[in-house]
Amino acid sequence: MKRFAALFAQLDTTTRTSEKVAALAGYFREAPEPDRLWTIALLSGRRPKRAVVSTRLAEWAAEVAGLPAWLFEESYAVTGDLAETIALILPEPDACGEDLALSDWIARIRGLAALPEPGRRAAVLAAWAALGGTERFLFNKLLTGGFRMGVAQGLMVRALAEATGREAADLALRLMGDWTPDTTTYDRLVLAESPEADLSRPYPFCLAHALEDGPDALGAPGDWAADWKWDGIRGQAVLRGGAFALWSRGEELVTDRFPELRELADRLPQGTVVDGEILVWKDGRPLPFAALQPRIGRKTVGRKLLAEAPVVLMAYDLLEDRGADIRAQPFDARRARLERIAAAVPETAPFRISPLIGFDDWPALAAARATATGRAAEGVMLKARGSPYHPGRRRGDWWKWKVDPMSLDVVMVYAQAGHGRRANLYTDFTFALWQGNELVPITKAYSGLTDTEFAQVTAWVQRHTEERFGPVRRVTPELVFEIAFEGIQRSPRHKSGIALRFPRMVRWRRDKPAAEADTLAAAEALLAARG
């Protein structure tokens with residue numbers, strides 16, 4: 001457990017991707033194989049089930065610490081995290097505590113379910129007495145079934161690739177499916193040969209840079225092709241040897257989440273790899289991203305959802321044609337091959353080819369870009385006609401020219417402390433708009449301010465808290481912020497009836513009193529303008 005706790009501490013104290021990858025790679029080289037396997041499981045969402053309810057843990061911890069219930073609750077409100085609160089208030093551990101491996105502690109936690117409550121209590125208290133610091137905190141997290149490490153699966157795969165020398169795409173495929181540490185070993189999961197992985201392996205995605213100041217500096221318009229920047233999920237369809245696989249840009253295998261796209265195995269030639277966008281397609285047109293959201297995160301999709309939100313693959317590049325890797329060919333040549341394949345696919349199949357945008361000069365493209373929202377697109381893509389399909393983000397060949405984000409001036413009404421290095425700062429805010437004389441919550445945001453500004457807001461929150469709800473503070477409605485967002489849509493789950501996509505703070509409006517913040521009617525107007 002000490003080794004795993006050290007890894008957690010390293011990951012929690014840095015925001016640099018390279019440092020996180022290096023820490024994980026070192027762990028995967030050195031940790032015992034059962035611990036490596038369980039770490040992979042934890043980082044891919046395969047957590048042990050909750051072993052003890054939170055109420056009981058709070059009671060037991062308060063009793064051991066000698067605290068009255070009200071003081072425990074106040075401590076919990078300050079930290080905002082039950083596992084952390086318990087780890088902090090308990091007495092120092094026994095000096096001779098057991099140094100068990102991560103896999104051993106998880107086995108003990110999983111065994112608690114078979115014990116009567118007195119037995120569970122005794123086992124938990126014994127663990128608290130044996131563990132200290134970060135190890136105790138992690139034990140509590142595992143105990144409640146709420147363990148998260150703040151590491152994306154793609155980053156974990158990169159680290160595993162660095163530690164083992166295997167390709168990241170191969171490892172990403174291996175980690176998909178219904179495996180658990182009970183059904184496999186580290187050797188079978190990571191190291192054994194896998195012919196299926198070779199058949200289903202995707203190519204690294206080609207990524208674009210944002211075009212901030214318009215395309216005038218790109219040279220002659222004739223050297224560039226343009227199509228729509230679709231607002232869906234980037235996907236790569238791989239068809240080899242009769243096997244069909246669908247990958248997201250995050251190197252996640254999503255074939256089972258979009259079962260209607262399996263039809264492409266019968267519609268596309270063998271040895272085909274297509275890059276495109278997964279979009280909800282209904283009544284002959286793409287729908288906004290909001291229509292796709294109910295399907296995200298679902299491992300199985302019912303008939304009702306399949307009927308309400310059917311998807312297509314909007315193809316915009318061809319990477320492999322009849323088994324030949326054609327990524328080095330110019331974009332125009334790859335596009336011509338893609339058009340020939342698309343022409344043979346029936347219109348009833350869940351497959352479309354992204355239309356190119358005709359333009360003679362940059363003002364004409366700008367005019368087309370202005371219509372993107374009405375097409376359920378985020379803007380336009382510009383691709384050099386002679387460019388290869390290169391891995392990753394290479395400046396100069398592909399550009400994304402998104403429509404300008406929408407913005408509103410909103411009033412902060414609630415604040416909550418962050419986590420990790422921001423645990424002592426209020427960084428998570430709820431914002432509201434005026435509806436008559438009432439402030440109606442519209443969204444939450446937690447990014448966009450500098451560390452200095454977060455510290456200043458924290459000091460203000462501490463002086464202007466009007467009510468407490470656990471870790472949440474209701475504050476005096478005085479501070480105004482400009483928030484920017486990429487999308488706006490109806491949402492019955494929100495009191496305002498509206499949800500914003502990717503909201504972030506872009507400016508603290510120190511110059512503006514709360515009474516001059518925007519109204520809910522302004523958000524309704526944006527919604528109407530966006531169709």
Side-chain angles (χ1 to χ4, degrees), residues 53-55 57-59 61-62 65 67-89 144 146 408-449 451-483 485 491-500 503-505 507-523:
V53 297
S54 299
T55 304
L57 288 177
E59 291 174 359
L67 298 181
W70 68 266
L71 185 52
F72 181 89
E73 289 299 325
E74 285 294 314
S75 302
Y76 182 18
V78 170
T79 63
D81 184 279
L82 178 64
E84 183 177 1
T85 303
I86 293 173
L88 291 173
I89 68 167
T144 59
L408 289 166
D409 288 338
V410 294
V411 181
M412 186 175 76
V413 290
Y414 296 100
Q416 184 173 347
H419 299 278
R421 70 182 187 90
R422 289 181 167 181
N424 295 321
L425 295 174
Y426 286 96
T427 60
D428 298 7
F429 308 129
T430 300
F431 298 107
L433 295 172
W434 289 106
Q435 187 177 38
N437 294 323
E438 180 187 4
L439 281 168
V440 179
I442 180 83
T443 194
K444 293 183 178 182
Y446 52 86
S447 64
L449 300 184
D451 287 346
T452 299
E453 288 174 321
F454 276 127
Q456 292 170 346
V457 173
T458 295
W460 184 91
V461 168
Q462 291 168 342
R463 296 193 306 271
H464 293 83
T465 294
E466 296 188 352
E467 199 170 0
R468 299 183 179 188
F469 306 96
V472 179
R473 302 289 185 265
R474 183 172 69 83
V475 298
T476 306
E478 292 180 2
L479 300 190
V480 177
F481 294 82
E482 180 185 353
I483 57 169
F485 45 95
S491 174
R493 295 185 300 167
H494 293 72
K495 186 176 180 181
S496 64
I498 292 174
L500 308 181
R504 69 268 188 196
M505 294 168 280
R507 186 164 47 136
W508 183 355
R509 295 298 306 267
R510 302 171 192 260
D511 60 319
K512 201 166 194 176
E516 295 180 12
D518 282 319
T519 64
L520 190 58

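Computed from a predicted model, the values in this text were never measured in an experiment.
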Q: Name all residues meeting the side chain to side chain donor-acceptor pair (under 3.5 Å) criterion together with Trp460; count only those two or more places apart in sequence or in a different chain, and write none if there are none.
A: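 His464.
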
Q: Any heavy-atom pair between the side chains of Leu408 and Phe431 that's under 4.5 Å?
A: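 Phe431 does not reach Leu408 side chain to side chain.
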
Q: What pair of heavy atoms forms the shortest contact from Asp428 to Ala417, and how long is it?
A: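 Of all heavy-atom pairs spanning Asp428 and Ala417, the closest is OD2-O, 4.2 Å.
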
Q: Could you walk me through whether Val461 and Met412 pass side-chain contact (heavy atoms from CB on, under 4.5 Å), step by step?
A: CA-CA 10 Å; Val461 168; Met412 186 175 76; 4.0 Å; yes

Q: If you take all heavy atoms of Phe485 and Pro503, which pair is closest and at what distance?
A: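 Reported closest heavy-atom pair: CB-CA, 4.1 Å.
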
Q: Compare all side-chain heavy atoms of Leu82 with those of Phe72 and state whether any distance is below 4.5 angstrom.
A: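 The answer is yes, as the side chains (C-beta and beyond) meet within the 4.5 Å cut-off.
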
Q: If I compare all heavy atoms of Glu482 with all of Arg509, which pair ends up nearest, and what's the gap?
A: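 Minimum heavy-atom contact is N-CG, 3.9 Å.
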
Q: Do you know the tightest heavy-atom contact between Ala499 and Ser491?
A: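 Nearest pair, atom of Ala499 first, then Ser491: CB-CB, 3.7 Å.
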
Q: Where the side chain of Asp518 meets the backbone of Asp409, is there a donor-acceptor pair that is under 3.5 Å apart?
A: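 Answer holds: yes.
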
Q: Can you measure from OG1 (Thr458) to CZ (Arg463) and round to the nearest 0.5 angstrom?
A: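 Rounded to the nearest 0.5 Å, the OG1-CZ separation comes to 10.5 Å.
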
Q: Relative to the ring of Phe481, is the ring of Phe429 parallel (under 30°), tilted (30 to 60°) or perpendicular (over 60°)?
A: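 Taking Phe481 first and then Phe429, their aromatic rings lie parallel (interplane angle under 30°).
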
Q: Indicate yes or no for a side-chain donor-acceptor contact from Thr519 to the backbone of Trp434 under 3.5 Å, with no hydrogens or angles considered.
A: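 Here the side-chain-to-backbone pair does not exist.
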
Q: Measure the spacing between CD of Gln416 and NZ of Lys444 and express it to the nearest 0.5 Å.
A: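 So the CD of Gln416 and the NZ of Lys444 are separated by 6.5 Å.
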
Q: Check Ile89 against Ala65 and note the closest heavy-atom contact, atom names and distance.
A: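 Scanning both residues completely, I find the closest heavy atoms to be O-CB, 3.5 Å.
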
Q: Look up atom OH in Tyr446 and atom CZ in Arg504, then write down how far apart they are to the nearest 0.5 Å.
A: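 Rounded to the nearest 0.5 Å, the OH-CZ separation comes out at 12.0 Å.
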
Q: Go through Tyr426 and Gln462 one step at a time and tell me if the side-chain contact (heavy atoms from CB on, under 4.5 Å) criterion holds.
A: CA-CA 9 Å; Tyr426 286 96; Gln462 291 168 342; 4.3 Å; yes

Q: Report the distance from atom CD of Glu73 to atom CG of Leu67, rounding to the nearest 0.5 Å.
A: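 So the CD of Glu73 and the CG of Leu67 are separated by 11.0 Å.
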
Q: For His494 and Ile442, which heavy atoms make the closest approach, and how far apart are they?
A: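 Distance-wise, the nearest heavy atoms are CD2-O, 4.2 Å.
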
Q: Check step by step if side-chain contact (heavy atoms from CB on, under 4.5 Å) holds for Thr443 and Val410.
A: CA-CA 9 Å; Thr443 194; Val410 294; 5.7 Å; no

Q: I'd like to know whether Leu520 forms a side-chain contact (heavy atoms from CB on, under 4.5 Å) with Ile498, so could you lay out the CA-CA distance, the side-chain angles of the two residues, the decisive distance to 0.1 Å, and finally the verdict.
A: CA-CA 9 Å; Leu520 190 58; Ile498 292 174; 4.3 Å; yes

Q: Roughly how far, to the nearest 0.5 Å, is CD1 of Ile86 from CG of Leu57?
A: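 So the gap between those two atoms works out to 5.0 Å.
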
